[in-house]
Amino acid sequence: MDKITVHVDAELEAIIPRFFELRAKDIVVINESLGKKDFETIKRLGHSMKGAGGGYGFDYVSEIGQAIEEAAKKEDAGDIKEWILKLGNYLENIEVVYDEQVEGAHS
C-alpha cells in the first residue's frame with residue numbers, strides 16, 4: 001500500500017499521536033472482543049471511531065468505524081476482521097502533513 005497523505009490543521013498536531021494510539025488500541029480491543037463474541041463492545045468502538053475520525057480530518061477512519069459498527073450489529077465477524085485489517089493498513093501507511101491556517105484570509 002502506498003503512503004496516504006492527509007492534511008490536518010497544525011493546531012491539532014499535539015493531539016494527533018494520541019488519536020493514532022487510541023485507534024491502535026481499538027484494533028486490539030476489537031480483536032479481543034471478537035474472540036469473546038462481544039459484539040456490543042465492537043459496535044460501541046465502531047460508533048466512537050465513526051465520530052472521532054472526521055473531527056480530526058481522517059474521514060476514512062470514520063468510514064471504517066461506521067462499517068465496523070454495522071458489521072457488529074449483524075454479528076458479522078468476517079466483515080469486522082476485514083475492516084480491522086483495513087484500519088491497520090491505513091494507520092501503518094498514513095502520512096500526516098500539518099498545515100498552518102492562512103492568516104488574514106478574511107478581507
Side-chain angles (χ1 to χ4, degrees):
M1 185 177 220
D2 292 332
K3 285 289 181 193
I4 304 156
T5 303
V6 177
H7 292 264
V8 176
D9 189 319
E11 290 182 9
L12 299 175
E13 187 170 3
I15 59 176
I16 294 300
R18 179 71 177 145
F19 174 81
F20 288 127
E21 284 175 25
L22 292 172
R23 299 303 66 84
K25 183 179 176 188
D26 287 344
I27 291 172
V28 171
V29 173
I30 289 171
N31 280 321
E32 290 172 352
S33 298
L34 274 172
K36 301 177 203 168
K37 297 187 186 327
D38 180 1
F39 292 100
E40 194 58 39
T41 294
I42 297 168
K43 185 173 76 172
R44 181 178 47 78
L45 287 171
H47 182 79
S48 174
M49 204 181 304
K50 178 176 70 174
Y56 292 96
F58 302 104
D59 294 335
Y60 190 57
V61 171
S62 292
E63 290 175 34
I64 292 171
Q66 182 173 357
I68 290 171
E69 180 182 16
E70 292 302 316
K73 288 177 184 176
K74 297 183 281 186
E75 299 187 2
D76 186 341
D79 207 22
I80 293 166
K81 288 177 188 175
E82 189 175 315
W83 283 106
I84 286 301
L85 285 173
K86 289 180 182 183
L87 178 59
N89 285 335
Y90 180 78
L91 294 177
E92 288 175 13
N93 291 290
I94 192 159
E95 183 175 300
V96 179
V97 175
Y98 296 100
D99 294 329
E100 297 293 327
Q101 288 188 333
V102 179
E103 293 291 325
H106 40 78
S107 308

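Quick caveat: nothing in here was measured; it's all calculated off a predicted structure.
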**Asked** Taking Ser62 for the side chain and Gly54 for the main chain, is one N or O donor matched with an acceptor at less than 3.5 Å?
**Response** yes
**Message:** I'd like to know if Leu22 and Leu12 are part of one continuous hydrophobic network [Ile/Leu/Val/Met/Phe/Trp/Tyr, side-chain heavy atoms within less than 4.5 Å].
**Reply:** no
dist Arg23:CZ -> Ile64:CD1 (nearest 0.5 Å) comes out at 11.0 Å
> Do Phe19 and Ile15 share a hydrophobic cluster (ILVMFWY, side-chain heavy atoms under 4.5 Å, transitive)?
Replying inline: yes
When Arg44, Lys74, Lys50 are each screened for salt bridge (charged side-chain N to carboxylate O under 4.0 Å, His left out) with Glu69, the one that passes is Lys50
Closest heavy-atom pair, Met49 versus Val61, reported as atoms and distance to 0.1 Å, is CG-CG1, 3.5 Å
So CD of Glu70 and CD1 of Ile80: to nearest 0.5 Å the spacing works out to 11.0 Å
Test side-chain contact (heavy atoms from CB on, under 4.5 Å) on Tyr98 and Ile16; report intermediate values, then the result.
CA-CA 10 Å; Tyr98 296 100; Ile16 294 300; 3.3 Å; yes
Between the OH atom in Tyr90 and the OH atom in Tyr60, the distance rounded to the nearest 0.5 Å is 9.0 Å
On a heavy-atom basis, the closest approach of Ile42 and Ser33 is CG1-CB, 3.6 Å
The reported gap from CD in Glu100 to CD in Glu13 (rounded to nearest 0.5 angstrom) is 8.5 Å
Interatomic distance, NE2@His47 vs NZ@Lys43, rounded to 0.5 Å, equals 10.0 Å
Subject >> Heavy-atom side-chain contact between Leu91 and Ile27 under 4.5 Å >> reply: yes
Quiz item: Are the charged groups of Lys86 and Glu82 less than 4.0 angstrom apart, N to O?
Solution: yes
Rounded to the nearest 0.5 Å, the NZ atom of Lys81 sits from the CG atom of Asn31 at a distance of 8.5 Å
Looking only at heavy atoms, the pair that brings Thr41 and Asp38 closest together is OG1-OD2, 2.6 Å
For Ala77 and Phe39, the nearest pair of non-hydrogen atoms, with its separation, is N-CE2, 4.3 Å
List the steps, then state whether side-chain contact (heavy atoms from CB on, under 4.5 Å) holds for Leu45 with Ile68. CA-CA 8 Å; Leu45 287 171; Ile68 290 171; over 6 Å; no
Those residues at least two apart in sequence (or on a different chain) that pass ring pair (Phe, Tyr, Trp, His ring centres under 6.0 Å) with Phe20 are Phe58
Heavy atoms of His7 and Thr5 approach each other most closely as NE2-CG2, 4.0 Å
